[in-house]
Amino acid sequence: NAADNTIDSWVKGVCRYCGTGCGVMVGVSNGKVVTVKGDPNNHNQGILCLKGALLAPVIYAKERVTKPLIRKNGTLVEASWDEALDLAASKFKEALDSTGPDSVAYYGSGQALTEETYLASKIFKAGLKSNNVEGNPRLCMASAVGGYVSTFGKDEPMGSYQDLDAATCFFIIGSNTSECHPVLFRRIAARKQNDKNVKIIVCDPRRTNTSRIADLHMNMKPGSDLAILNSMAYVIVHEELDDYRFHNKYVNFMTNDKQKVDFEAYKAFLQDYKPEDVEPLCGVPAAQIREAALTFAQSTATTSLWCMGINQRIRGVWANNLIHNLHLITGKIGKPGSTPLSLTGQPNACGGVRDTGGLSHLLPAGRVIAKKEHRNQLEMQWGLPQDSLNPKPGLHTMALFNAMNEGKVKTLLTLCTNPAQSLPNIKKYEEGLKKAFLVSIEAFSDAISMQYADVVFPPAFWVERRGVYGCTERRYALVEKAIDPPGECRPSVNILVELAKRIGVDPNLIPYENSDDVWEEWRKVSAMTPYNFAGITRERLIKESGILWPCPTEDHPGTTIRYVRGEDPNIPEDYPDKYHFYGKPDGRAIVWMRPQKAAAEPAGGEFPFTLTTGRVIDHWHTATMTGKVPEIARSFPHAYVEVNTKDASRMGINHGDKVKVITRRGDMLFDARVGDVCEPGLVFVPWFDPELVVNELTIDAIDPGSKQPEFKICACRVEKA
Ligand code: SF4
């Protein structure tokens, strides 16, 4: 890192990696980014984790693509912008003319700018009339979206990071916060260090660094989350620790098949989840489930945090609902420190893909394609004839890649994502990646997906262009342009506009010179909805380090607590009640009666182990960026398999031995890490390694509601090689 006195200017931005969305200051010297430090005025108060602090070298990686590429005789070769744009446009036109809008698709990313996702979604949905608009947030956050919408009627959390400073109980389930959201974890750990009344409950099948600071670690068996959450509700209700006045006024109880019932029926449903009865299934002692429930309900303020361990499940939406249930029956919601707060994987899965309508069933700002009134609102705002938007939702991610296998989706545009490493059961989808004409806006030549690309557009990367990132807490913050992009790289907004024009999209629909123009329109599009952030102007974003929506006017400070009168600008001041869950027709949130459901492929028979996958602290996703940082590459050169000591000793496996992990989809060799992180019967492999792509082994079963794959559980066999 450079000393401050060698820096010509410090430019404000947001970290490129996880959903914590830390504010950064980018140090520029002689036109180069030489260092990165935390923004003291953003929520992270100047703190960064190692990944964020080591962002600078990624920009200058030798693998940067700096000229357009097209595939000739099987090899990607340099081309002019005109040649590459014309070729890509011709392939889109060919598919559109021969088989119609359903044969083209866009697959984006929670790493793209908000403006980029809004624009890509508009080009495809309004310009090409294709709703095949998806992105990698389908793989990580779709179940959280489904959970929020089905419980509260609107997506995105009601609380904020400020709740972390007021909570006296943290209930962390399915999240290794210490490695995946390190700066938030630091804030939680500091709370515990400074206040002896703060309790931390962790529910996770692995003994992670997060669980090591917990007062109680419920070492659950994989796939028992629904039973544990219902069992905690059982204890709360039967110990009469529920807040009857709250749930009687603000909650409806609903069966799984959407029948409205009363509280007594809910109590009867919970009878199947006595802690003693679920103990064998969950592997968690009944006394621990009781302790967790009592701690949750008796604390002065409880915040729940969860991430992929809950979302990447065959019933991830249900598990989300059951976390919300705990808050709704105890009334621990909408007060400082009391909130359910899902942790987002990527920085802009929330602020970009979810908010702007970057999924195949969505339109911008919480609208859905299936609703005529929502389509008509967008048609009016976008200057389109009434009823001209395609009313049929597009293909969700796994259906999209299946359709490519079948030759039904012929041309795909990807932006800033690496599906050839990140999709589950990836071997199955190689055929489609080869068959379709793949146009990629991609910064790095060594991303595995580049092996399938037919045209590559080199984008301006991170602080080489200006735009907005969101994060877990509904915060929008600006990434300023700090340096010029190298070679012939262009901002993705300009690439998208130029490509769309050449395909034949009406230029009046996309009259943008830059991302500022897109933001102005997106701000106005949000204004008629409860997402309203019309008050978040570019000028404010330049001055302030992030603002939380809703934020309807330029003098509004932003909203830290939704659905509460006096806090949420969507609720009139004279509204008669304190809470108003305005996403639901009667303003009441829903407590859902969701039963336990086993994993799609539980361990047993020939495959007696459970394989689970996840992230490690230093690497980000498929390591196309973190793999370029020497310090990180040295500390985590390759994926490995964690095996429990007892299993290892039974099979004669020593630390460092080569171990074969075999699933119904294939096998792969990893170095063994023997220890107590996994319980007997469970093995863990991180998924960052492009040379050991563990997604060749994972299963592509999906949650029927959210369509999110169950990355977290599949059956496997483990053998010493
Ligand atoms: Fe970046 Fe996440 Fe680390 Fe913050 S915690 S610096 S957002 S990787």
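Note that the structure is predicted; figures quoted are calculated from it, not measured. As the structure lists them, so they are numbered: ligands from 1, and atoms in each ligand from 1.
The protein atom (non-hydrogen) at minimum distance from atom 2 (Fe) of ligand 1 is C18 SG, 2.3 Å. Atom 4 (Fe) of ligand 1 has as its closest protein heavy atom C22 SG, 2.3 Å.
The distance from atom CG of N42 to atom CD1 of I47, rounded to the nearest 0.5 Å, is 12.5 Å.
Under a 4.0 Å N-O distance rule, the pair R615/E179 does not qualify as a salt bridge. Using a cutoff of 4.0 Å between basic side-chain nitrogens and carboxylate oxygens, D676 and R212 are scored as salt-bridged. Look at E642 and R206 and you find a salt bridge, because one of the NZ, NE, NH1 or NH2 atoms lies within 4.0 Å of a carboxylate O, short of that distance. D225 has a carboxylate O that lies under 4.0 Å from a charged side-chain N of R313, or vice versa, which qualifies the two as a salt bridge.
Closest heavy-atom approach to atom 3 (Fe) of ligand 1 within the set C49, G21, G52: this belongs to C49. Considering each of N44, L184, V183, D618, the one bringing a non-hydrogen atom nearest atom 5 (S) of ligand 1 is V183.
Each of the atoms 8 (S) of ligand 1 lies under 4.0 Å from some heavy atom of Y17. For ligand 1, the atoms lying closer than 4.0 Å to a non-hydrogen atom of C15 are 1 (Fe), 6 (S), 7 (S), 8 (S). Every atom of ligand 1 with a heavy atom of K51 under 4.0 Å away is listed here by number and element: 8 (S).
A cation-pi contact links K628 to F444, judged by a cut-off of 6.0 Å to the six-membered ring centre and 45° from its axis.
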